[in-house]
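As structure tokens, the structure follows; a few thoughts come after it.
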Amino acid sequence: VVRLSARWASEVGADLVLGPLGIGDHVDHLIAAEVGVRLAQAGVAVGHYADRPYASFVGDDDIAARAPAGTVRRDASGPVTAAKVRRLWYPSQFDQLFVDALGDDERSGRRELLFLPPGNLLI
């Protein structure tokens with residue numbers, strides 16, 4: 001997966017590869033998070049996002065503690081809303097976990113978080 005991701009990033013001329021932090025400990029997110037770590041070690045610019053809805057159940061300080069050292073936190077969006085989520089997530093993902101997480105995010109006005117390498121254009 002690391003080799004394929006590195007090749008893809010090189011072929012498309014990506015300025016940044018964005019992957020999950022692995023919050024929620026789901027195997028697919030953990031694998032993708034590890035790919036991001038290995039790509040960064042190989043010199044590829046890698047940013048990370050806080051996996052929703054799992055990040056909804058973790059405090060922002062705890063999320064930041066999982067981010068790779070040296071990355072810069074950036075709020076990536078306005079508050080999470082039901083309308084926004086319906087445009088971004090598949091209807092099959094709307095189980096009770098997602099509904100509860102969305103409600104918590106809406107009530108607290110939390111934002112989606114990115115952790116980017118220093119000097120990235122998005123900072």
Side-chain angles (χ1 to χ4, degrees):
V1 175
V2 173
R3 282 191 307 267
L4 289 173
S5 298
R7 188 179 81 208
W8 169 79
S10 175
E11 288 174 356
V12 300
D15 294 324
L16 178 74
V17 173
L18 189 61
L21 285 172
I23 297 168
D25 295 329
H26 289 262
V27 172
D28 56 337
H29 287 227
L30 291 173
I31 291 169
E34 180 63 22
V35 168
V37 168
R38 292 184 188 193
L39 289 174
Q41 289 170 344
V44 175
V46 177
H48 303 271
Y49 62 89
D51 323 41
R52 290 210 126 40
Y54 318 108
S56 299
F57 302 106
V58 179
D60 288 350
D61 290 340
D62 293 329
I63 293 169
R66 291 188 75 152
T71 56
V72 179
R73 176 185 158 174
R74 175 153 165 87
D75 291 350
S77 69
V80 177
T81 65
K84 177 177 146 187
V85 169
R86 283 191 197 100
R87 288 191 310 269
L88 299 176
W89 289 340
Y90 297 105
S92 64
Q93 291 179 310
F94 273 91
D95 60 13
Q96 196 59 46
L97 174 71
F98 274 66
V99 171
D100 292 346
L102 174 60
D104 290 344
D105 282 344
E106 283 186 291
R107 282 187 291 281
S108 66
R110 286 184 76 189
R111 289 164 161 56
E112 297 176 85
L113 302 176
L114 291 178
F115 296 86
L116 303 170
N120 185 272
L121 295 177
L122 296 176
I123 295 178

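We count residues from 1, following the sequence as given.
Under a hydrophobic clustering in which Ile, Leu, Val, Met, Phe, Trp and Tyr are joined whenever their side-chain heavy atoms come within less than 4.5 Å, directly or via other members, Leu4 and Val12 fall into different clusters. Taken together through direct or relayed side-chain contacts under 4.5 Å among Ile, Leu, Val, Met, Phe, Trp and Tyr, Val2 and Val46 form part of one hydrophobic cluster. Using a 4.5 Å cut-off between side-chain heavy atoms of Ile, Leu, Val, Met, Phe, Trp and Tyr, with links allowed through other members, Leu113 and Tyr54 fall into the same hydrophobic cluster.
In this structure, Arg3 has no side chain to side chain donor-acceptor pair (under 3.5 Å) partners at least two apart in sequence or on a different chain. Judged as a side chain to side chain contact (heavy atoms under 4.5 Å, CB included), and not counting sequence neighbours, the contacts of Ala9 are Ala14, Val17.
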For residues 55-71, dump all side-chain donor-acceptor pairs below 3.5 Å to protein atoms at least two apart in sequence or in another chain.
residue, atom, partner, partner atom, Å
Ser56, OG, Pro53, O, 3.1
Ser56, OG, Asp105, OD1, 3.4
Ser56, OG, Asp105, OD2, 2.8
Asp60, OD1, Arg110, NE, 3.3
Asp60, OD1, Arg110, NH2, 2.4
Arg66, NH2, Gly22, O, 3.2
Thr71, OG1, Pro68, O, 2.7

Please set out all donor-acceptor pairs under 3.5 angstrom arising from side-chain atoms of residues 26-36, sequence neighbours excluded.
residue, atom, partner, partner atom, Å
His29, ND1, Asp51, OD2, 2.5
Glu34, OE2, Arg38, NE, 2.9

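In this structure, Asp15 CG and Leu18 CG are separated by 12.5 Å, a value rounded to the nearest 0.5 Å. To the nearest 0.5 Å, atom CZ of residue Phe115 and atom CZ of residue Arg73 are 6.0 Å apart.
You'll find the side chain of Leu21 stays beyond 4.5 Å of the side chain of Tyr49, heavy atoms only. The side-chain heavy atoms of Pro117 and Leu16, taken from C-beta on, include a pair separated by under 4.5 Å.
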